[in-house]
Amino acid sequence: MYTIEPHTYAKAISRLPELKVIVIGDLILDEYLIGEVNRISPEAPVPVVWVRSENSTLGGAGNVIKNLSKFGVKSVVLGRCGEDETSKLLLRLLEQENTSAKDNKIVKSTHVPTILKTRVIAGHQQVCRIDREETFPLTASEENELLQAFEERIAQADAVILSDYDKGTLTPKLIQGVIDLSIKQGKIVTVDPQVSHFFQYNGASIMTPNHHEAGKALGRKLESDADVEFAAKEIAAQLDSPMMMITRGEKGLSLYSKQFDKTTHIPTVAQAVFDVTGAGDTVISTFTAFLAAGFNEIQAAVISNVAAGIVVGKLGAETTSIEELTDALNLKGILI
């Protein structure tokens with residue numbers, strides 16, 4: 001079992017509120033309609049959901065921001081939304097999550113709507129999901145706006161997260177521009193990738209695909225520890241990245257270090273998996289925050305693994321708090 005000394009953990013925790021992380025990626029609004037099912041529709045063989053409550057929350061890159069906010073980390077948000085009613089709610093929610101409207105740069109597009117995903121939940125079970133989106137890449141002028149905004153803000157940031165949901169924000173030009181500027185400034189830059197862009201994140205500090213994404217990118221299934229070790233090393237080599245993390249669901253996660261030419265396997269700590277939605281966002285936000293706060297990569301990976309184990313036991317794209325995280329670390333005997 002991997003352990004962390006309490007004073008090292010306390011020191012990192014004290015640093016979190018001092019951090020500023022730039023999050024750039026696809027902004028999504030998640031809507032939840034929660035109700036009960038008591039009958040089947042007479043019109044078609046489908047359940048009738050009697051809606052009892054509803055709520056809206058940040059999804060996509062916004063879920064990374066929510067995770068950082070729960071740790072007290074300040075975010076600077078760069079992205080795109082539509083010029084519509086949905087965007088107004090999205091922007092209000094962003095302002096509530098420890099971000100500053102004056103520091104954020106959200107490009108408003110007239111040719112794409114704000115992405116809205118509606119999940120219908122009954123009896124803690126997702127009945128269906130309704131997506132309202134048009135996924136067009138940024139225009140040249142939108143790319144230039146976001147790159148200029150990033151260049152103006154990177155010096156004051158402690159780390160950068162690219163949150164790629166393949167909705168058009170992270171174009172090849174923007175990806176490489178952000179990574180190049182981050183390297184030039186000596187900043188941590190982490191990536192939660194999409195397979196369609198997999199080998200475009202050249203030079204990133206670390207990428208955190210799941211084992212399905214990593215396997216698909218390499219054209220092979222990753223089933224054993226040896227498969228994962230090969231994949232992590234191969235991807236790191238192709239991207240010229242010093243580290244690579246592959247998340248593995250019920251098997252935990254695996255972290256490759258180019259410096260030591262070694263892959264460390266960290267087993268899951270989840271008690272029960274209720275909903276894996278947003279677990280990847282929790283992993284990358286926790287890893288980035290604690291790495292920026294002074295943890296080494298193994299310590300940051302251990303913390304990320306515990307955080308993911310907490311959120312998969314909740315419904316929807318949820319987050320965890322420092323209090324929950326500390327309790328879980330103590331319960332698992334990691335803080336000693």
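No experiment lies behind these values; they were computed from the predicted model shown.
- Salt-bridge formation is not detected for the pair Lys187/Asp158: no Lys NZ or Arg NE/NH1/NH2 atom is positioned less than 4.0 Å from an Asp or Glu carboxylate oxygen.
- With salt bridges taken as basic N to acidic carboxylate O contacts below 4.0 Å, one links Glu145 and Lys105.
- Closest approach of Val23 to Ser75, counting heavy atoms only: CG2-OG, 4.4 Å.
- With hydrogens and angles left out, the side-chain atoms of Asn305 and Tyr2 include no donor and acceptor closer than 3.5 Å.
- Of all non-hydrogen atoms in Ala61 and Gly25, the two that sit nearest each other are CB-C, 3.9 Å.
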Would you sort out whether Glu97 and Ser69 count as a side chain to side chain donor-acceptor pair (under 3.5 Å), showing the intermediate values?
CA-CA 6 Å; Glu97 296 295 345; Ser69 179; 3.2 Å; yes
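- Asn67 and Thr319 share no side-chain donor-acceptor pair at under 3.5 Å.
- A salt bridge is defined here as a Lys NZ or Arg NE, NH1 or NH2 lying under 4.0 Å from an Asp or Glu carboxylate O, and Asp26 with Arg80 fails to meet this definition.
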Test salt bridge (Lys or Arg N to Asp or Glu O under 4.0 Å) on Glu83 and Lys88 and set out the steps.
CA-CA 8 Å; Glu83 200 163 13; Lys88 294 177 182 178; over 6 Å; no
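- A donor-acceptor distance shorter than 3.5 angstrom exists from the side chain of Glu213 to the backbone of Asn210, with no hydrogens or angles considered.
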Can Ile161 and Ile22 be said to form a side chain to side chain contact (heavy atoms under 4.5 Å, CB included), step by step?
CA-CA 6 Å; Ile161 296 176; Ile22 296 178; over 6 Å; no
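- With sequence neighbours excluded, no residue forms a ring-ring contact (aromatic ring centres under 6.0 Å, His included) with Tyr9.
- Side chain of Ser14 to backbone of Lys11: a donor-acceptor contact under 3.5 angstrom is found.
- No donor-acceptor pair closer than 3.5 Å links the side chain of Thr286 to the backbone N or O of Ser304.
- Looking at Asn55, Thr118, Ile130, Ile121 one by one, the single match for side chain to side chain contact (heavy atoms under 4.5 Å, CB included) with Leu33 turns out to be Thr118.
- Looking only at distances, no side-chain donor or acceptor of Asp240 sits under 3.5 Å from a matching main-chain atom of Asn202.
- Taking CD of Glu5 as the reference point, atom CD1 of Ile334 lies at 14.0 Å (rounded to 0.5 Å).
- For the residue pair His211/Glu223, the side-chain donor-acceptor check at 3.5 Å is not satisfied.
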Carefully, step by step, assess Asn63 and Leu58 under the rule side chain to side chain contact (heavy atoms under 4.5 Å, CB included).
CA-CA 6 Å; Asn63 194 43; Leu58 295 169; 5.8 Å; no
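- For the pair Glu142 (side chain) and Thr139 (backbone), a donor-acceptor distance under 3.5 Å is present.
- By the 4.5 Å heavy-atom criterion applied to side chains, Phe287 and Glu297 are counted as neighbours.
- Using a 4.5 Å cut-off on side-chain heavy atoms (C-beta onward), Leu89 and Leu29 make contact.
- In this structure, the separation between CG on Leu222 and OG on Ser254 is 9.5 Å, given to the nearest 0.5 Å.
- When all heavy atoms of Asn296 and Ile298 are compared, the closest pair comes out as OD1-N, 3.1 Å.
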Let me see the working for Met207 and Asp192 under side chain to side chain contact (heavy atoms under 4.5 Å, CB included), right down to the final yes or no.
CA-CA 6 Å; Met207 197 161 71; Asp192 190 2; over 6 Å; no
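- For the pair Ser41 (side chain) and Pro47 (backbone), a donor-acceptor distance under 3.5 Å is absent.
- The residue from Thr264, Asp261, Thr263 that alone fulfils the side chain to side chain donor-acceptor pair (under 3.5 Å) condition with Tyr256 is Asp261.
- No chain of hydrophobic side-chain contacts below 4.5 Å, direct or via other Ile, Leu, Val, Met, Phe, Trp or Tyr residues, connects Val21 to Val189.
- Ala204 and Ile179 get closest at one heavy-atom pair: N-CG2, 3.9 Å.
- Put simply, the side chain of Asp227 gets close to the backbone of Ser224: a donor and an acceptor are under 3.5 Å apart.
- Atom CD1 of residue Ile284 and atom OG1 of residue Thr288 lie 5.0 Å apart, to the nearest 0.5 angstrom.
- Checking side-chain atoms of Ser87 against main-chain N and O of Asp84 turns up a donor-acceptor pair under 3.5 Å.
- Under the 4.5 Å side-chain heavy-atom criterion for Ile, Leu, Val, Met, Phe, Trp and Tyr, Leu174 and Ile28 are members of distinct hydrophobic clusters.
- Checked for salt-bridge contact, Asp225 and Lys251 miss the test: no charged N lies under 4.0 Å from a carboxylate O.
- Side-chain contact between Ile24 and Leu170 is present, with heavy atoms from C-beta onward closer than 4.5 Å.
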Set out, in order, the CA-CA distance, both residues' side-chain angles and the distance that settles side chain to side chain donor-acceptor pair (under 3.5 Å) for Lys173 and Asn144, then state yes or no.
CA-CA 9 Å; Lys173 177 181 176 180; Asn144 291 335; 3.0 Å; yes
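- Residues Val51 and Val127 are members of one and the same hydrophobic cluster, defined by side-chain heavy-atom contacts under 4.5 angstrom among Ile, Leu, Val, Met, Phe, Trp and Tyr.
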Before giving the answer on side chain to side chain donor-acceptor pair (under 3.5 Å), spell out for Lys66 and Thr57 the whole-Å C-alpha distance, their side-chain angles and the decisive distance to 0.1 Å.
CA-CA 9 Å; Lys66 286 194 303 180; Thr57 186; 2.8 Å; yes
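- Phe150 and Ser182 get closest at one heavy-atom pair: CZ-OG, 3.4 Å.
- Under the 4.5 Å side-chain contact rule for hydrophobic residues, Val46 and Val120 do not share a cluster.
- Atom CG of Leu94 sits about 9.5 Å away from atom CD of Gln96, to the nearest 0.5 Å.
- When every heavy atom of Tyr165 is checked against every heavy atom of Gly60, the shortest pair comes out as CE1-CA, 3.4 Å.
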Go through the steps to decide whether Thr114 and Arg132 satisfy the test side chain to side chain donor-acceptor pair (under 3.5 Å), and finish with yes or no.
CA-CA 8 Å; Thr114 303; Arg132 282 164 277 197; over 6 Å; no
Lys117 and Asp30: salt bridge (Lys or Arg N to Asp or Glu O under 4.0 Å), yes or no, with the steps?
CA-CA 5 Å; Lys117 295 184 180 293; Asp30 284 344; over 6 Å; no
Could you go step by step and tell me if Lys74 and Asp103 meet the salt bridge (Lys or Arg N to Asp or Glu O under 4.0 Å) rule?
CA-CA 11 Å; Lys74 297 177 181 66; Asp103 292 330; over 6 Å; no
Checking Val191 against Thr208 for the side chain to side chain contact (heavy atoms under 4.5 Å, CB included) test, could you report, in this order, the C-alpha distance in whole Å, the side-chain angles of both residues, the deciding distance, and whether it holds?
CA-CA 6 Å; Val191 181; Thr208 62; over 6 Å; no
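- Checking Ser56 against Glu31 by side-chain atom types alone, no donor-acceptor pair falls below 3.5 Å.
- Of the options Leu27, Val64, Leu91, a side chain to side chain contact (heavy atoms under 4.5 Å, CB included) to Val77 is made by Leu27 and by none of the others.
- Distance alone, capped at 3.5 Å, places no donor-acceptor pair between the Asn104 side chain and the Ile106 backbone.
- Without hydrogens or angle criteria, Arg15 side chain to Ala292 main chain gives a donor-acceptor distance under 3.5 Å.
- Phe295 is connected to Ile13 through a chain of hydrophobic side-chain contacts under 4.5 Å among Ile, Leu, Val, Met, Phe, Trp and Tyr, so both are in one cluster.
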